[in-house]
Visitor: 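Please find one structure pasted underneath; my questions will follow.
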Amino acid sequence: MNKKNTDTKQWIQEIREFVHERDAALRSLDRRQLLAYFQKYQIPVPENEMIFWASVHRARLGIRHITQKEQEDSALWLMKHGFSLPQETNPEVLQRVRKKGEA
């Protein structure tokens, strides 16, 4: 195996680890775990608490390995706090959340 293939495989593994850690932190909704993840990857943390949580919930709507219930919970949180939902929000989730919001 040449160096280029080794570098590519290592890069792919690093991306997989990054995504796994990101998804775990976002799914946890644990502030300490989120902050540790942000610090590790030098991700700026919003000073405003509401913006912090809105960012987390919007990010949760964009990850692949999350349940529909978790997506709905984040969409509801955003709506209840006056934030818009990302355009990419799963249409099924959007429909269910809107029905819940009307109830």
Visitor: Assess whether a salt bridge exists between Arg31 and Glu49, defined as any Lys/Arg side-chain N lying under 4.0 Å from an Asp/Glu carboxylate O.
Guide: yes
Visitor: Would you give the length of the straight line joining atom NZ of Lys9 to atom CD of Glu14, rounded to the nearest 0.5 angstrom?
Guide: 14.5 Å
Visitor: Roughly how far, to the nearest 0.5 Å, is CD1 of Ile15 from CZ of Arg22?
Guide: 10.0 Å
Visitor: Do any N or O atoms from the side chain of Ser74 and from the backbone of Gln71 form a donor-acceptor pair under 3.5 angstrom?
Guide: no
Visitor: Can you say whether the rings of Phe83 and Trp77 are parallel (under 30°), tilted (30 to 60°) or perpendicular (over 60°)?
Guide: parallel
Visitor: Mind checking whether Glu21 and Lys40 have side chains closer than 4.5 Å, heavy atoms only?
Guide: yes
Visitor: Take a 6.0 Å sphere around CD of Glu47 and say whether it holds more than 12 heavy atoms from other residues, nucleotides or ligands.
Guide: no
Visitor: To the nearest 0.5 Å, how far apart are CD1 in Ile12 and CG in Asp7?
Guide: 11.0 Å
Visitor: Show your working on side chain to side chain donor-acceptor pair (under 3.5 Å) between Glu70 and Thr67 and close with a plain yes or no.
Guide: CA-CA 5 Å; Glu70 289 169 318; Thr67 67; 3.2 Å; yes
Visitor: Would you say that Ile66 contacts Leu26 through its side chain, given a criterion of any heavy-atom pair below 4.5 Å between the two side chains?
Guide: no
Visitor: Looking only at non-hydrogen atoms, find the nearest pair between Ala75 and Val93 and report the distance.
Guide: CB-CG1, 4.3 Å
Visitor: State, yes or no, whether a side-chain contact exists between Arg58 and Ser84 at a heavy-atom distance under 4.5 Å.
Guide: yes
Visitor: Rounded to the nearest 0.5 Å, how far apart are CG of Leu29 and CG of Leu34?
Guide: 7.0 Å
Visitor: Parallel, tilted or perpendicular: which one describes the rings of His57 and Trp53, with boundaries at 30° and 60°?
Guide: tilted
Visitor: Quick one: NE2 on His65 to NE2 on His20, what's the gap to the nearest 0.5 Å?
Guide: 10.5 Å
Visitor: Quick check for you: to the nearest 0.5 Å, what is the distance between Asp23 atom CG and Arg60 atom CZ?
Guide: 10.5 Å
Visitor: I'd like to check Gln68 versus Arg96 (side-chain heavy atoms, cut-off strictly below 4.5 Å). Are they in contact?
Guide: yes
Visitor: I want to check something: taking the side chain as every heavy atom from C-beta on, are Val19 and Arg64 in contact at a cut-off of under 4.5 Å?
Guide: no
Visitor: Donor-acceptor pair, distance only, cut-off 3.5 Å: does the side chain of Ser55 make one with the backbone of Ile51?
Guide: yes
